[in-house]
Student: 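I am attaching a structure below and will ask some questions about it afterwards.
Hydrogens, waters and symmetry mates are skipped; everything else that's a heavy atom, side chains included, is used. By convention in this document, chain letters (A, B, ...) are assigned in the order of the sequence lines, proteins followed by strands, and residues within each chain are numbered from 1.
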There are 2 protein chains.
Amino acid sequence: MSRYDPSAFPPFAVTVDLVVLTVRDHELCALLVRRGEPPFQGYWALPGGFVRPDEGLAEAASRELAEETGLRAYSAPGHETAGPGAAGAHLEQLATYGHPQRDPRMRVVSVAYLVLAPDLPTPRAGGDASSARWAPVTELLGKSPADGVPLAFDHGLILADGVERARSKIEYSSLATAFCPTEFTVGELRRVYEAVWGVVLDPRNFHRKVTGTPGFLLPSGGTTTRQGGRPAQLFTAGGATVLNPPMLRPES
Amino acid sequence: MSRYDPSAFPPFAVTVDLVVLTVRDHELCALLVRRGEPPFQGYWALPGGFVRPDEGLAEAASRELAEETGLRAYSAPGHETAGPGAAGAHLEQLATYGHPQRDPRMRVVSVAYLVLAPDLPTPRAGGDASSARWAPVTELLGKSPADGVPLAFDHGLILADGVERARSKIEYSSLATAFCPTEFTVGELRRVYEAVWGVVLDPRNFHRKVTGTPGFLLPSGGTTTRQGGRPAQLFTAGGATVLNPPMLRPES
DNA sequence: GCAAAAGTGTTGCGGGTACACCCATGT
DNA sequence: ACATGGGTGTACCCGCAACACTTTTGC
């Protein structure tokens, strides 16, 4: 009773959906594509598509990401946890959504992936999306549920889960560096934390904290004045993936 | 190019697999069933089965759990995060596994769920499993990969991910109470932490910590001497789901 | 000089650890 | 009486928040 005859298993469609986040203009933004066909024609949606018969789930997510943005993403094979590559984007599995009626056409199970990317040039539309854009998550996610812009399918829920994951994960991992270019300053990293958490942090204590956490930052030797003021040291992401002690998010 | 014709989507089988954990005899144990048919006939495997055409993923996991153990599980609908019910088991989505060759028969995508349950009477076999048992995870997971008992399919990997999730989640959430009966003592809760983390904790500091964390424990009024010694206060799980400050796991 | 951002020093406080110590039961 | 586990008090230590203060550039 607990299993069906495998030769007569119920057929499902399996897709991947991508929550692609970046920091632009001091704001956390998500990549959206406009749907060019029903259902939800004209709505904004998360990028994604069907998993092909012979590819893995992370592989499908990576392929869709490249098709939509040209980004190369790095994830640890086989596991949901990933190691951040200094260049390129971080990709990890987020969660799977399979409500029976989430797609009116058929039974679709969607495996959502979270991508953290450095600031990119304006996105190029790909596939069946008639256009694409970066949207600040504060506009997409109102304080109350179903506030802000409605997205296609259950993508508003998926986006909210992805943002929540990103916000909590930069506390105890070095993932915030995935939002930065290869070389970055402590101040730029701090602005990432401030944008993702929506808070202001003390620059002095932040500096001490991140430079004092072993394995978080690697001095690259150079300096820059691109933020104005005194020249700042440049760093690259260190090898550490888990931060000890963690960064502390001020209570909202 | 990025999407298939939806009317010709590639067909997948979708299953749920369960990582059911409990604490027995001071040890963290997982529920296994013996496979009665190929492939992997005679191997131990995680309980699970196919998702039915009209049920949700968490619903399928809950149904399989009831079929295998008789347990009722509680999860927050729609979200992967769940609220712990004092009685009954905690259920949350773990991750999804979809390597193209993970099942030799066909393309199967499996959504794994993590269940934390109080100590149960000996499990009853259900469905197509010829028997079932609780196995200490230390025996199943060797220090090196592919050490210990080999499980069917990629279930060893899924189990490892589930155990890791449980170990980290009891740090910052009140989930450890899901391993306890409705009423429990501080000492019993401490033994849960010790079993899951594989460490010994200072009873005095542990007591102060958990009773001082708001919303973690609710005094039920009664006392018990079932552990010997001075009578201990009985508690039930408080409403809090997130622990502030978190429990600190001693560095291994 | 002045503004702006990068860094360093210092102090106070809160929470953790490591104990010493007392309490209430069963045998 | 003694063993066993429950619970409280206290002293030290480390890490963070909250500043004051110095450094090095562009304008």
Student: Tell me the interatomic distance from B:Glu251, atom CD, to C:dT17, atom C1', rounded to whole angstroms.
Tutor: 12 Å
Student: Tell me the interatomic distance from B:Leu217, atom CG, to D:dG6, atom P, rounded to whole angstroms.
Tutor: 14 Å
Student: Give one of base, sugar-phosphate or nothing for A:Arg226, where a contact means two heavy atoms less than 4.0 Å apart.
Tutor: nothing
Student: Answer yes or no: is there a donor N or O on one side and an acceptor on the other, between the side chain of B:His90 and the main chain of B:Leu116, under 3.5 Å?
Tutor: no
Student: Begin from the C-alpha positions of A:Ser220 and A:Glu183 and carry the test side chain to side chain donor-acceptor pair (under 3.5 Å) through to its verdict.
Tutor: CA-CA 8 Å; A:Ser220 75; A:Glu183 283 194 327; 2.7 Å; yes
Student: Please walk me through it: do A:Phe184 and A:Phe235 pass ring pair (Phe, Tyr, Trp, His ring centres under 6.0 Å)?
Tutor: CA-CA 5 Å; A:Phe184 54 91; A:Phe235 295 89; 7.1 Å; no
Student: Using atom CG of A:Leu201 as one end and atom P of C:dA5 as the other, report the distance to the nearest whole Å.
Tutor: 16 Å
Student: Please report, rounded to the nearest Å, how far the P atom of D:dT23 is from the CD atom of A:Gln233.
Tutor: 17 Å
Student: Please say whether the positively charged group of A:Arg133, taken as NZ for Lys or CZ for Arg, lies over the ring of A:Trp44, i.e. under 6.0 angstrom from the six-membered ring centre and within 45 degrees of the axis.
Tutor: yes
Student: With a 3.5 Å distance limit and no angle check, can you tell me whether B:Asp202 reaches the backbone of B:Asn205 through a side-chain donor-acceptor pair?
Tutor: yes
Student: At under 4.0 Å between heavy atoms, how does the protein contact nucleotides 14-21 of chain D? Give one character per nucleotide, 5' to 3', with B, S or -.
Tutor: --SBBBB-
Student: In whole Å, what is the span from the CD atom of B:Gln227 to the P atom of D:dG6?
Tutor: 7 Å
Student: Does the B:Thr69 side chain pair with the main chain of B:Ala66, one donor and one acceptor, at a distance under 3.5 Å?
Tutor: no
Student: Given atom NE2 of B:His207 and atom C1' of C:dT17, what is their separation to the nearest angstrom?
Tutor: 17 Å
Student: Take nucleotides 22-27 of chain C nucleotide by nucleotide from the 5' end and write B, S or -, depending on whether a protein heavy atom sits under 4.0 Å from the base, only from the sugar-phosphate, or from neither.
Tutor: -BBB--
